[in-house]
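Working notes, beginning with the structure itself.
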Amino acid sequence: MKKKVLATLLTAAMLATTLAGCGGGDAGSAPAADGGTAEEAPAADAGSDDAAADDGAAEEAPADDAAAAEEEIPTATFGDPNGTHMEMWTFVEIHGQHYGNMVEKWNEQNPDRTIEITCTTYPYADMHTKLLTSLNAGTGAPDICDVEIGQFPNVVAGLDTWLVPQNDTAAPYLDTMVQARMDVYSGTDGNYYGIPYHVGATVMYYNLAALEEAGLSQADVDAVVTWDDYAALGEKYLDAIGRPEGKHWTSVDTAGCDWQWIAMAEYGEDWTGGMGGTANVQLESVKKMCTMEQEWVNSGLAMVSPDGHVDLEAGFQNILDHNIVSFPKAMWYMSRFTNYMPEEKGNWYIAKCPVFEAGQKCSVGIGGTGTVVTQQAVDKDLASEFLCWAKMSEEGEQLIWDNLGFDVCNTVLWNDDAFAHDTNNQYNQFFRNFPYDVLYSIKDDIGTVYTTSISPTINEQMCNVTLNDILENGVSVDEALQAAQDVVDLEQ
């Protein structure tokens, strides 16, 4: 058992550099200020979607500076000093602010069950390692804790010995929650252990202003159904602008697996094998996507994303330079536009992703952070009830959208005019169309790809070797995926 726990802790440390995040499928993608966090602010270079923007803080401080480093850890206390006190850990400070807002609302509505909550923001790697250590030791864990999706398989391994099942307290909201998002934070026993911040639904972003300059229109974009349609529109665009050097329709990633996740969702496949399954990267969906990407790069329709994906500074600049005018990414990428590319306001249009075959699912939830209640909580029932209300109720989801900019999981709001069409919302102002209109149109077409204990191995191999071989070095898809499978087989 001790060997198994040690391996788990080592895996957690490795994940900080191979998987950070809200992009649960992207080793090498930018850690974000959340996950949310690829969701929030991307890091200058490493990690993955959900890792925190301060993921660099995972670097250990010199021993002499340990006390000073401890003093610098952001801590804030909210709520009623006379209420039940809870400790909450996160790796994204703005998440703590969300709970601070929600605990004030909770106390107003529940004067007989008030709460005081202290939110501590640790560096990404430090927090997850500290959490695993305290769960295993049976002491020292917080009442409530954020867990980035890439780290979730390690934390949920303890099931109800470590974590409190959320089935009962989540029950009032489950009918309107996106099932795929709940599933990724479940355990092998079928219980829900984590509560999500967002869907992370993958959509297509189109620079409609650039397309209009080339004589194309929104109607042309809306007519795209399949990847063949998408490629044909791209060829029209390139022809219209004279195919200048350096200009492409899209970019494909070598340091992120978003494109492969889309393909798997469309065919209902999962290279992890799901809960307790056998990992297989040689899926038909993965082969089709990799082959298509390779052909696009060879023809000039696509370029390889600078620095490996669009969620880094070089990717932002590539978009600003209009070297690409379309790409798929999760809806949390909206914040990248508002934070890093504000001059693009009014240019971009959001649409559903193309599919290989009409009728397939056209989206997948990528990245995320699930929040858990530990068995060490001082009042497990109260902590669970508060957590589910803070993240699943209409009131909580409103603040998640307004303050965090995430595509919320409670679908009852997606078609609510006051919520989805609020013209004061910065994202509604930024894009040509209302993001939630797109999300509502695909609400039944969002697939699931799991993050499991084998995910770090798959992601590291795909992002460090396989995708580079296929897209940069011209290695055949079959050969590259066979080599990847050989590596994966050694770990399962």
Side-chain angles (χ1 to χ4, degrees), residues 23 30 32 38-42 49 198-224 229-230 233-234 236-238 240-241 247-253 256 258-259 262 301-303 305-306 309-354 362-363 366-367 401 404-407 414 420-442:
E39 295 145 45
E40 283 136 50
D49 242 8
H198 65 78
V199 183
T202 305
V203 293
M204 291 296 298
Y205 294 89
Y206 290 91
N207 187 334
L208 193 53
L211 268 61
E212 289 170 343
E213 290 178 2
L216 301 172
S217 68
Q218 178 182 322
D220 293 311
V221 171
D222 290 339
V224 170
D229 297 336
Y230 175 75
L233 183 59
K236 286 184 180 179
Y237 168 74
L238 292 178
I241 64 172
K247 301 298 182 181
H248 304 270
W249 177 233
T250 190
S251 66
V252 293
D253 302 336
D258 290 18
W259 289 84
I262 297 168
L301 186 70
M303 65 182 293
S305 301
H309 58 78
V310 297
D311 200 16
L312 290 174
E313 184 176 349
F316 303 150
Q317 191 60 53
N318 205 43
I319 292 167
L320 287 169
D321 292 340
H322 297 180
N323 291 333
I324 62 171
V325 294
S326 67
F327 61 92
K329 204 67 181 173
M331 287 192 74
W332 47 252
Y333 195 86
M334 292 185 296
S335 67
R336 299 301 194 266
F337 279 103
T338 57
N339 291 337
Y340 301 101
M341 298 173 280
E343 54 267 60
E344 289 294 311
K345 183 177 181 179
N347 292 342
W348 288 79
Y349 180 75
I350 300 174
K352 63 177 65 174
C353 286
C362 61
S363 186
I366 291 182
W401 170 232
L404 302 181
F406 298 155
D407 50 334
W414 294 5
H421 297 158
D422 178 7
T423 55
N424 292 317
N425 181 277
Q426 63 173 324
Y427 305 107
N428 288 339
Q429 292 176 355
F430 191 94
F431 294 95
R432 289 282 191 99
N433 54 334
F434 290 111
Y436 275 95
D437 287 351
V438 182
L439 192 58
Y440 187 77
S441 74
I442 63 173

Practice prompt. Output the distance between atom CG (Asn207) and atom CG (Leu320), rounded to the nearest 0.5 Å.
Written response: 10.0 Å
Worksheet item: Got a sec: does the OH of Tyr440 have more than 12 other heavy atoms crowding it under 6.0 Å?
Response: no
Discussion item. Do Asp407 and Met334 make a side-chain contact, defined as non-hydrogen atoms from C-beta onward lying under 4.5 Å apart?
Written reply: no
Worksheet item: Closest heavy-atom contact between Leu312 and His309?
Response: CG-CE1, 3.4 Å
Worksheet item: Regarding Asn323 and Asn318, is there a side-chain donor-to-acceptor distance under 3.5 Å anywhere?
Response: yes
Worksheet item: Taking Ser251 for the side chain and Met303 for the main chain, is one N or O donor matched with an acceptor at less than 3.5 Å?
Response: no
Worksheet entry | Side-chain heavy atoms of Asp222 within contact of Tyr349, under 4.5 Å | yes
Worksheet item: Judged by atom type as modelled, is there a donor-acceptor pair below 3.5 Å linking the side chain of Asn433 to the main-chain atoms of Ile350?
Response: yes
Practice prompt. For Asn428 and Asp422, indicate whether the former's side chain and the latter's backbone hold a donor-acceptor pair under 3.5 Å.
Written response: yes
Discussion item. Check whether Tyr206 reaches the backbone of Leu211 with its side chain - one donor and one acceptor, N or O, closer than 3.5 Å.
Written reply: no
Worksheet item: Where is the tightest heavy-atom contact between Leu439 and Ala201, given as atom of each residue plus distance?
Response: CD1-CB, 3.6 Å
Response to the item:
CD (Glu213) and CG (Asn347) are apart, to the nearest 0.5 Å, by 8.0 Å
Discussion item. Under 3.5 Å, is there a donor on one side chain and an acceptor on the other for Ser326 and Tyr230?
Written reply: yes
Worksheet, complete the sentence: d(Ile319 CD1, Tyr333 OH) to nearest 0.5 Å is 3.5 Å
Worksheet item: Do Met331 and Val199 have side chains that get closer than 4.5 Å, going by heavy atoms?
Response: no
Worksheet item: Which atom names give the shortest non-hydrogen contact between Gly346 and Arg432, and what distance separates them?
Response: O-NE, 2.5 Å
Practice prompt. Could you tell me whether the side chain of Trp332 reaches within less than 4.5 Å of the side chain of Asp311, counting heavy atoms only?
Written response: yes
Worksheet item: Looking at side-chain heavy atoms only, is the closest gap between Asp437 and His421 below 4.5 Å?
Response: yes
Worksheet item: Going by the angle between their ring planes, with limits at 30° and 60°, are Phe431 and Phe337 parallel, tilted or perpendicular?
Response: perpendicular
Worksheet entry | CD on Gln429 to CZ on Phe434, rounded to 0.5 Å | 10.0 Å
Worksheet item: How far apart are the closest heavy atoms of Gly234 and Trp249, and which atoms are they?
Response: CA-CD2, 3.2 Å
Discussion item. Is the distance between the ring centroids of Trp348 and Phe327 under 6.0 Å?
Written reply: yes
Worksheet item: Rounded to the nearest 0.5 Å, how far does CH2 of Trp401 lie from CH2 of Trp414?
Response: 12.0 Å
Discussion item. Looking at every heavy atom in both Ala351 and Val203, which two are closest together, and how far apart are they?
Written reply: O-CB, 3.4 Å
Worksheet entry | Tyr340 vs Ser335, side-chain contact (heavy atoms from CB on, under 4.5 Å): CA-CA, chis, key distance, verdict | CA-CA 8 Å; Tyr340 301 101; Ser335 67; over 6 Å; no
Worksheet item: Going through the distances and angles, do Lys247 and Val325 end up as a side-chain contact (heavy atoms from CB on, under 4.5 Å)?
Response: CA-CA 9 Å; Lys247 301 298 182 181; Val325 294; over 6 Å; no
Worksheet item: For Lys236, does the NZ atom sit with more than 12 other heavy atoms under 6.0 Å from it, leaving out its own atoms?
Response: no
Practice prompt. Would you indicate whether the side-chain heavy atoms of His322 and Glu344 approach each other to under 4.5 Å?
Written response: yes
Worksheet item: Which distance, rounded to the nearest 0.5 Å, do you find between the OG of Ser217 and the CG of Leu208?
Response: 7.5 Å
Worksheet item: Is there a donor-acceptor pair under 3.5 Å between the side chain of Thr202 and the backbone N or O of Ala330?
Response: no
Item to complete: Taking all heavy atoms of Lys352 and all of Ser441, pick out the closest pair and write down the distance.
Response: CE-OG, 4.2 Å
